[in-house]
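Counting convention: from 1, in listed order, for ligands and their atoms alike.
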Amino acid sequence: MDKLIIAIDGYSATGKSTHAKALAKKLNFTYVDTGAMYRAVTLFGLNQNPKNIIDLRLLNNSLNQIKIHFEEGDEEQQTFLNNENVTKVIRDPRVNKNVSMVAAQKPIRSFLNDQQHLLALDKNLVMDGRDIGTVVFPNSFCKFFLIANPEVRAKRRYLEQLEVGFEESLEEVLQNINSRDNQDESRVTSPLQKANDAIEIDVSNLNINRVFNMLYNQVLKKLESIKK
Ligand code: DC
């Protein structure tokens, strides 16, 4: 039987990963953070050049040297790039600034799309990203698209970054969020957009438990309907 995929797409800092993790735990599915995969490729590109400037041609030609895997940690899932734990460094503002440019590259999207399909060979997944319901797994049995106003998202990301020790002002975070949204929405390959059959939720004024319950109830309904 085909494995089950729950796709959670949407704008950055809408809580996609928080909810995807919680759903995965509750349903005993595996969580996959596809943003972390794009971030790991971006980090690889930054590390290729001593000046930390990404050479896209070089990076596109080096994809066969990149191995990304995830391991369960005590608290959060750990991301590995060529066997090095990069969980924290991929959240660095340097990576934030470059990741949308990297994610617009067709060869990189195709490389990560293949990796994402391999992960689904033997596991039920909750996958969060930008193009899961539209491109990677258009047949996902349950799709969500999370939106929220940019100020709410910037505040959320700002607090998250403070907690892990990255100092950026709220204005810088907001600027980065707006610029990434623009780049993610306007790219030619797999732009950020809602799948026709995704359930859209505006989380701007909803608390986290309320959103989780909405998602979970929808998943239960969809599971019921595919059993029939
Ligand atoms: O979810 P995130 O903020 O960690 O994602 C980082 C970047 O990666 C984001 O700006 C868009 C890109 N991305 C993408 O293009 N496609 C995905 N499936 C996941 C992330």
Side-chain angles (χ1 to χ4, degrees), residues 5-21 31-46 54 56 59-60 66 68 70 76-79 81 86-120 125-138 140 143-148 150 152-154 156-161 164 166 168 172-195 198 203:
I5 313 286
I6 299 171
I8 306 189
D9 290 306
Y11 290 87
S12 48
T14 46
K16 295 186 304 294
S17 62
T18 305
H19 293 301
K21 268 179 230 167
Y31 165 58
V32 178
D33 176 358
T34 62
M37 300 171 93
Y38 284 94
R39 288 171 179 274
V41 172
T42 304
L43 180 66
F44 184 90
L46 287 165
I54 297 182
L56 287 174
L59 179 57
N60 281 326
I66 298 179
I68 298 166
F70 297 106
E76 65 168 322
Q77 196 174 60
Q78 306 290 302
T79 307
L81 169 62
V86 294
T87 310
K88 183 166 178 212
V89 71
I90 57 171
R91 307 284 155 194
D92 187 307
R94 258 179 341 137
V95 174
N96 290 344
K97 290 201 177 83
N98 287 281
V99 65
S100 287
M101 173 184 80
V102 167
Q105 297 295 306
K106 200 170 176 181
I108 294 173
R109 299 206 73 84
S110 148
F111 168 71
L112 289 181
N113 191 319
D114 290 348
Q115 310 273 316
Q116 288 152 14
H117 274 265
L118 289 177
L119 291 170
L125 302 179
V126 184
M127 199 170 247
D128 86 63
R130 303 293 188 288
D131 60 340
I132 310 307
T134 48
V135 176
V136 184
F137 289 110
S140 307
K143 301 181 188 180
F144 298 104
F145 193 77
L146 302 191
I147 62 170
V152 168
R153 295 188 284 128
R156 188 189 136 89
R157 187 49 49 90
Y158 170 74
L159 294 174
E160 263 173 22
Q161 294 205 163
V164 291
F166 293 131
E168 264 194 320
E172 283 173 308
V173 176
L174 179 60
Q175 241 175 36
N176 177 256
I177 279 191
N178 282 329
S179 126
R180 281 206 288 144
D181 286 352
N182 265 332
Q183 293 182 69
D184 295 342
E185 284 172 320
S186 60
R187 68 176 174 235
V188 179
T189 315
S190 319
L192 166 63
Q193 63 186 27
K194 177 185 167 299
V203 303

Visitor: Based purely on interatomic distance, does Asp184 place a nitrogen or oxygen under 3.5 Å from a nitrogen or oxygen of ligand 1?
Guide: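 Looking only at distances, the answer is yes, because the N/O contact criterion of under 3.5 Å is met.
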
Visitor: Between Asp33 and Arg91, is the closest basic N to carboxylate O distance under 4.0 Å?
Guide: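 Counted as a salt bridge, because a side-chain N and a carboxylate O are separated by less than 4.0 Å.
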
Visitor: Could you check whether the rings of Phe145 and Tyr11 sit parallel, tilted or perpendicular, using 30° and 60° as the cut-offs?
Guide: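 The rings of Phe145 and Tyr11 stand perpendicular, inter-plane angle above 60°.
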
Visitor: Go through Phe144 and His19 one step at a time and tell me if the ring pair (Phe, Tyr, Trp, His ring centres under 6.0 Å) criterion holds.
Guide: CA-CA 11 Å; Phe144 298 104; His19 293 301; 9.5 Å; no

Visitor: Between Asp9 and Arg130, does any side-chain N to carboxylate O distance fall below 4.0 Å?
Guide: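 Here Asp9 does not pair with Arg130 in a salt bridge, since their nearest N and O are not under 4.0 Å apart.
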
Visitor: Does any N/O atom on Asp128 come nearer than 3.5 Å to any N/O atom on ligand 1?
Guide: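 In fact, backbone or side chain, Asp128 has no N or O that close.
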
Visitor: Output the list of atoms in ligand 1 that are nearer than 4.0 Å to some heavy atom of Thr34, sorted by atom number.
Guide: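 Atoms satisfying the 4.0 Å criterion: 17 (C), 18 (N), 19 (C).
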
Visitor: Write out the residue and atom name of the closest protein heavy atom to atom 18 (N) of ligand 1, then the distance separating them to 0.1 Å.
Guide: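 Atom 18 (N) of ligand 1 sits closest to the protein heavy atom Asp131 OD1, 2.8 Å.
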
Visitor: Can Met37 be said to touch ligand 1, with heavy atoms closer than 4.0 Å?
Guide: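 No, Met37 has no heavy atoms under 4.0 Å from ligand 1.
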
Visitor: Given Lys16, Arg91, Arg180, which has its nearest heavy atom closest to atom 3 (O) of ligand 1?
Guide: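 Heavy atom nearest to atom 3 (O) of ligand 1 belongs to Arg180.
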
Visitor: Sequence neighbours left out, what passes salt bridge (Lys or Arg N to Asp or Glu O under 4.0 Å) with Glu76? Give chain and number order.
Guide: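 Partners of Glu76 under the salt bridge (Lys or Arg N to Asp or Glu O under 4.0 Å) test: none.
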
Visitor: Looking at Glu172 and Arg157, is any side-chain nitrogen of the basic one under 4.0 Å from a carboxylate oxygen of the acidic one?
Guide: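 Glu172 and Arg157: not salt-bridged.
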
Visitor: In this structure, does ligand 1 have an atom that sits under 4.0 Å from one of the heavy atoms of Arg109?
Guide: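 For ligand 1, residue contact (heavy atoms, under 4.0 Å) with Arg109 is present.
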
Visitor: Decide, yes or no, whether a salt bridge links Arg109 with Asp131 under the criterion of side-chain N to carboxylate O below 4.0 Å.
Guide: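 Yes.
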
Visitor: Of all residues at least two apart in sequence or in a different chain, which pass the salt bridge (Lys or Arg N to Asp or Glu O under 4.0 Å) check with Asp181?
Guide: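 Testing Asp181 for salt bridge (Lys or Arg N to Asp or Glu O under 4.0 Å), a comparison that skips the adjacent residues, returns Arg153.
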
Visitor: Kindly identify the option in Met101, Arg130, Arg187 whose heavy atom sits closest to atom 9 (C) of ligand 1.
Guide: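 The nearest heavy atom belongs to Arg130.
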
Visitor: Would you mind running through ligand 1 and noting each atom that sits below 4.0 Å from a heavy atom of Ala103?
Guide: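 The list of qualifying atoms is 12 (C), 15 (O).
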
Visitor: Hey, is ligand 1 close enough to Asp33 that some N/O pair sits below 3.5 Å?
Guide: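 Checking ligand 1 against Asp33, no N or O pair falls under 3.5 Å apart.
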
Visitor: Output the list of atoms in ligand 1 that are nearer than 4.0 Å to some heavy atom of Ser100, sorted by atom number.
Guide: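 Those of ligand 1 that fall under 4.0 Å from Ser100 are 10 (O).
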
Visitor: In terms of residue, atom name and distance, what is the protein heavy atom nearest to atom 4 (O) of ligand 1?
Guide: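 Result for atom 4 (O) of ligand 1: Arg39 NE, 2.7 Å.
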
